[in-house]
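What follows is a set of notes on a single structure, which appears directly below.
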2 protein chains.
Amino acid sequence: MSPCLSSADPSVTGSGCALRRVLDAVGGKWKILLIVALSQTDELRYGELRKLVYGITNTMLASSLKELEADGLVMRTQYAEMPVRVEYSLTDRARTLVPILMELKDWGEKNL
Amino acid sequence: MSPCLSSADPSVTGSGCALRRVLDAVGGKWKILLIVALSQTDELRYGELRKLVYGITNTMLASSLKELEADGLVMRTQYAEMPVRVEYSLTDRARTLVPILMELKDWGEKNL
DNA sequence: CGCCATGGTCAGATTTTCCTTACCACGTCA
DNA sequence: TGACGTGGTAAGGAAAATCTGACCATGGCG
């Protein structure tokens, strides 16, 4: 919908476009929380994530993880054990986002 | 809904709680874009904002501004002129958020 | 065989968000 | 008088996001 002009465009239409892409990728109720949860260790299992992120449902956990993986922010590794063990971890790209999310969290603690 | 434990709580339930508050305050499709638009000058009129933030509707502009004001992020000033002139500006509190949003934008440009 | 745990999927309902269209109040200018 | 510009509001509905509850495949264990 947005024309997405050059990133040199000073208007919010253009420079906001990168922001709109960010919001598309990590917006919504759960994705940022998932990224922060995953940032606290190397990897987490599906069930651990579900316990850690208070209130998330099965459906949202599965679909959010799938979208984060599609956007190259999360990696899924399945181990051939029984019962199946699946570990989720952040990609390097996502790890560069984490400090910014922490600033956001700090800002929220001080200002909201 | 979230119990919002102490901010020392290492789980996402607790430490994520500040993040959830941030998401409540500036989440959604338009608020971050509005803050960035407002960060580019001292103040902007209603009509200027509508032109600047590509695609926003009257309803969303008015309701987003109202909520941002209620959260202490935006200030509304009405001048006794004819026709009525209303200027919107960021509060100091919101201005401390802007650098973080810029980092988010830069991250999006490099990583999405 | 029947039950357990893990890591999900699916359909349908509900809730939240957002959009569309129309309209309003004010004073001013012609 | 009536049209105009500014800064909105209101009702209704569409669309998107999220939730609910049921269910499934796998193999191991008793």
Side-chain angles (χ1 to χ4, degrees), chain A residues 1-2 12-13 16 19-35 37-38 41 43-71 74-89, chain B residues 1-3 12-13 16 19-35 37-38 43-71 74-89:
Chain A
M1 203 100 316
S2 147
V12 175
T13 303
L19 271 174
R20 292 188 203 221
R21 268 180 283 141
V22 173
L23 294 178
D24 279 353
V26 301
K29 194 169 175 182
W30 301 112
K31 287 181 182 173
I32 285 185
L33 300 179
L34 284 174
I35 291 172
L38 286 166
T41 52
E43 48 183 20
L44 284 172
R45 306 179 60 164
Y46 184 88
E48 290 173 321
L49 271 170
R50 197 172 40 200
K51 277 172 214 145
L52 210 48
V53 178
Y54 181 85
I56 196 166
T57 62
N58 246 342
T59 319
M60 287 313 293
L61 178 52
S63 80
S64 299
L65 285 172
K66 208 171 273 185
E67 288 174 20
L68 287 170
E69 201 190 348
D71 283 327
V74 157
M75 220 181 65
R76 194 191 107 112
T77 315
Q78 180 166 343
Y79 294 92
E81 301 175 1
M82 254 336 126
V84 183
R85 180 165 62 99
V86 177
E87 301 269 4
Y88 288 94
S89 60
Chain B
M1 203 98 320
S2 147
V12 174
T13 302
L19 272 174
R20 293 189 202 220
R21 268 179 282 140
V22 172
L23 294 178
D24 279 353
V26 303
K29 193 168 174 182
W30 299 112
K31 287 180 181 174
I32 284 185
L33 299 179
L34 284 174
I35 291 172
L38 285 166
E43 47 184 19
L44 284 171
R45 307 179 58 164
Y46 184 89
E48 291 172 322
L49 271 170
R50 195 171 43 199
K51 278 173 213 143
L52 210 49
V53 178
Y54 181 85
I56 197 168
T57 63
N58 244 343
T59 318
M60 287 314 293
L61 179 51
S63 80
S64 299
L65 285 172
K66 207 170 274 185
E67 288 174 21
L68 287 170
E69 202 191 348
D71 284 326
V74 157
M75 219 180 64
R76 194 191 108 112
T77 315
Q78 179 166 343
Y79 294 92
E81 302 176 2
M82 252 341 122
V84 183
R85 180 164 64 98
V86 176
E87 300 270 2
Y88 289 94
S89 60

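Chain letters run A, B, ... following the sequence lines, proteins first and then strands; every chain starts at 1.
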Dot-bracket assigned to DNA chain D with the 3.5 Å Watson-Crick/G-U criterion, [ ] for crossing and | for other-strand pairs, is ||||||||||||||||||||||||||||||
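- Taking 4.0 angstrom as the limit, A:Lys29 places a side-chain polar atom (N or O) nearer than this to OP1 or OP2 of D:dC19.
- A sub-4.0 Å separation between OP1 or OP2 of C:dC26 and a side-chain N or O of B:Tyr79 is absent.
- Applying the side-chain contact (heavy atoms from CB on, under 4.5 Å) test to B:Thr59 and every residue at least two apart in sequence or in another chain returns B:Thr57.
- Within 4.0 Å of B:Arg76, counting heavy atoms only, lie sugar-phosphate atoms of the nucleic acid but no base atom.
- Summarising the geometry, the separation between CG on B:Leu49 and P on D:dT6 is reported as 14 Å, rounded to the nearest angstrom.
- For A:Tyr88 and C:dT6, the OH to P distance is 15 Å, given to the nearest whole Å.
- One atom, CD1 of B:Ile56, and another, C1' of D:dG7, lie 14 Å apart when rounded to the nearest Å.
- Spacing between atom CG of B:Leu23 and atom C1' of D:dT18 amounts to 15 Å, rounded to whole angstrom units.
- Here the nucleotide nearest the side chain of A:Met82, chosen from C:dG7, D:dC19, D:dG27, is D:dG27.
- A:Arg45 has a side-chain polar atom (N or O) that falls below the 4.0 Å cut-off from OP1 or OP2 of C:dG7.
- With D:dT6, D:dC19, D:dG8 as the choices, the nucleotide that has an atom nearest any side-chain atom of B:Pro83 turns out to be D:dT6.
- Using a 4.0 Å cutoff on non-hydrogen atoms, the parts of residues 57-70 of chain A near DNA chain D are A:Thr57, A:Thr59, A:Met60, ordered by number.
- To the nearest 0.5 Å, atom CH2 of residue B:Trp30 and atom CZ of residue A:Arg20 are 5.0 Å apart.
- A close approach under 4.0 Å does not occur between any side-chain nitrogen or oxygen of A:Arg85 and OP1 or OP2 of C:dG8.
- Atom OH in B:Tyr46 sits about 18 Å away from atom P in C:dC26, given to the nearest Å.
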